[in-house]
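Below, each value reflects all heavy atoms present in this structure, side chains not excepted, and no hydrogens, waters or symmetry copies. So you know, we letter chains A, B, ... as the sequences are listed, proteins then strands, and number each from 1.
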There are 2 protein chains.
Amino acid sequence: MSNITIVGGGLVGSLLAIFLAKRGHSVNVYERRPDPRKTDVYAGRSINLVVSHRGWTALRAAGVEEAVKAITVPVYARMMHDREGNLNRVPYSIDNKAIWSVSRGELNRRLLSEAEKLPNVKLFFDHRCVDVNLENATCHFQREEGDHVVVKADVVFGADGAFSAVRSKMMWGRFTYSQEYIEHDYKEVAFPANADGTPKMDPHCLHIWPRRWFMMMGLANQDGGFTGTLFMPHNATAQSPGFDTVREEKEVRKFFTEQFPDALPIVPDIVEQYLRNPQSSLVIIRCNPWQVNGKVALIGDAAHAIVPFYGEGMNAGYEDCKVLNDLLNEHGDDNWAEVLHRYAAARKPNGDAIADLSLRNFVEMRDLVADPKFLLRKKIEGYIQAKHPDKWLPLYSQVKFSDIAYKDAWNEGLRHDRIMEEVLAMKGVEEKWESEEVERKVLGLLKAGK
Amino acid sequence: MSNITIVGGGLVGSLLAIFLAKRGHSVNVYERRPDPRKTDVYAGRSINLVVSHRGWTALRAAGVEEAVKAITVPVYARMMHDREGNLNRVPYSIDNKAIWSVSRGELNRRLLSEAEKLPNVKLFFDHRCVDVNLENATCHFQREEGDHVVVKADVVFGADGAFSAVRSKMMWGRFTYSQEYIEHDYKEVAFPANADGTPKMDPHCLHIWPRRWFMMMGLANQDGGFTGTLFMPHNATAQSPGFDTVREEKEVRKFFTEQFPDALPIVPDIVEQYLRNPQSSLVIIRCNPWQVNGKVALIGDAAHAIVPFYGEGMNAGYEDCKVLNDLLNEHGDDNWAEVLHRYAAARKPNGDAIADLSLRNFVEMRDLVADPKFLLRKKIEGYIQAKHPDKWLPLYSQVKFSDIAYKDAWNEGLRHDRIMEEVLAMKGVEEKWESEEVERKVLGLLKAGK
């Protein structure tokens, strides 16, 4: 059995610790921040998360599915809010499947406590990684109080997020790396519950206010409130306001009144929150290779930070852990060079694919969901899927409700686009979308290998 | 007049110091390495450089053209060496234009001495930049001897190369960045002169041994020798050997004997040099924005590290300096926010274009120059250019012998590709390339806006 250092005790680091400790390895987790069970380290900066199929697959394999399920809220549909306050509910699947809303802080605390129950896991907080020796798997940590800790291990995992210290050390080698800030930033606002603790909107929907160039969304918390997030360009354009033009109280009030009138009565202090809360940016990070020397590997956001629009960032990280665990089952626990090589080769293309998928879903959320053509396409896809579940699984279901590799889902999604483009061009398709003619058309295109 | 900090006293930092000091600014240059006029800091790691048109334009504007010309060797043509040792000389232009080979170390020493003649330039060596305050243009330097120097300025330029410390500080903001290692690494070998100091090959040619997947090149030094550089994949493939398979003395000898037989008698110790010399990698760096707060800007490789296959890295950096100087002429010396904003906006697209052009020229050098179709195309382009110099300037000439913006050259190059593809598809073009029919075809395609 091996001595493992995990840098980062966040969502992925804590689950990875559980996986590896249950295999019998001796696991030490070093987290830069204080213990989130003692301090609120997430205050005012947490897009709510969703656990979806891949996340559950991994949590189940690690034996913590029930512990996590207890703190989630199921979400079955998108609820679109237009500028007049009209609602339109679009289910995520034809068979009532859910994604599960969870508070980032709550989930992190839960997993740390699960990890701590294992005798061969040790958690160290307030340990900032300042150096990693990639040859001999030795990490250097700096403590707040000034002491410097040196830890030699057999294997090091960098589970230290988008701004990974482990990765920054790997960057000095022959390492391909990119960080790309998208034009949109975000800001959070808290939607309160009613006085009696009941929610003011349907908690089992993801609420979206799509406005083409910007959007707001809301995801339920367990306390009856929602976490609202506004995504908007950093700089205004001819088409769209931006965080640089919506700044003064008067501008902000006008903006919410015009764009999100039905949110104002629900969140009376929305303008004050907007003015008070921080504006954060969104980065996509890609890198290669994900491991060096069979001794140091990246996992989760450290390897593949993505934009949050598919709600898959954490699920992708959990799938990393599951795949690694499967490879250890297959190749043994004393064969790290082989396992890490295979892990990196298997996961890197999927990391790239979920990055692309997440950007694509941003366009869909802010823009297409308000487009009648898009809604028609969703209906046709549901019709075909109901009749031929073996032949047609919509892209969203592949990503959120299956274990299909992200890169295969991406390719299949492109294929669906090509087919649906032809179907939507059919004359009178708006009236006859539930007809045998449409069905035959789709089956023919599928058969033709479109 | 302003206090300017230049981080990096290399090729671009030293020229920038001359430009700014001649305008009357007070310029302090901080270089990480020792003074190259006292220590050989470049030993065993310097692809020879070429100064081309843009470089001369900038050097002339800074008043140091003559000082540099004295240490260069003009190069008028490519000389291709095939596996049998046959030579094929292909001029760079139809009117005998040259690029100018120069030793990196020699050029740097010369420019530092020119900068030092100016009373308002101060050079500091052995000063490693460890921090930059982007708000107030304050740099922190660490000296070998242990003391820490803090320097506040009005403006900071990061001219500190591909692994820029100034840029690494900018990366913590909303900064888009990528570093990409290409598959090919390189290794240098020194080609000696004859005993009497005369060169063993034509010094006025760039010698190339193109082998499709890898290549060697040789560029003259002033002492009659050549600097040879072998470019080869990091890892072997089915098509090509790699540095990982050409390692043992026997393999190396076999490799040079088979691939570069005519180089062996010229460089008798080529195998020993290969085994002794370091293997280096090649990185492409892109980033955005190139300036922040109107106070800190990147210039040269720090902003746009590219692969060396067009010999334009330094020339692009020199053009940065020239453009900055022009903007100061236009907008005044006390208007840095405006000038730096315009500098970044003007140069970023050209930095991206020369990165793409340089990769493209790698394919051309290692691969196409040995292709009869490519040589025919060069001949046709020369024929058209001679008859219609106002209508056709080959891409190579646009990049190396003109001030046409790189991004315009790139677009024009793509257009040439489309036209030449049709011309090369003409029946019997091999025989009739110098005919009026071919001329009419090209003019017609040009007129049609192909």
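In this structure, Glu248(A) places its CD atom where only 12 or fewer heavy-atom neighbours from other residues, nucleotides or ligands lie under 6.0 Å away. Within 6.0 Å of CZ on Arg276(A) lie more than 12 heavy atoms contributed by other residues, nucleotides or ligands. His331(A) NE2: more than 12 foreign heavy atoms inside a 6.0 Å radius.
Shortest non-hydrogen contact noted between Ile182(B) and Arg174(A) is O-NH2, 2.8 Å.
Taken from OH in Tyr177(A) to CE in Met171(B), the straight-line distance is 4.5 Å, to the nearest 0.5 Å. For the atom pair CZ of Arg286(A) and OG of Ser178(B), the computed distance is 11.0 Å after rounding to the nearest 0.5 Å.
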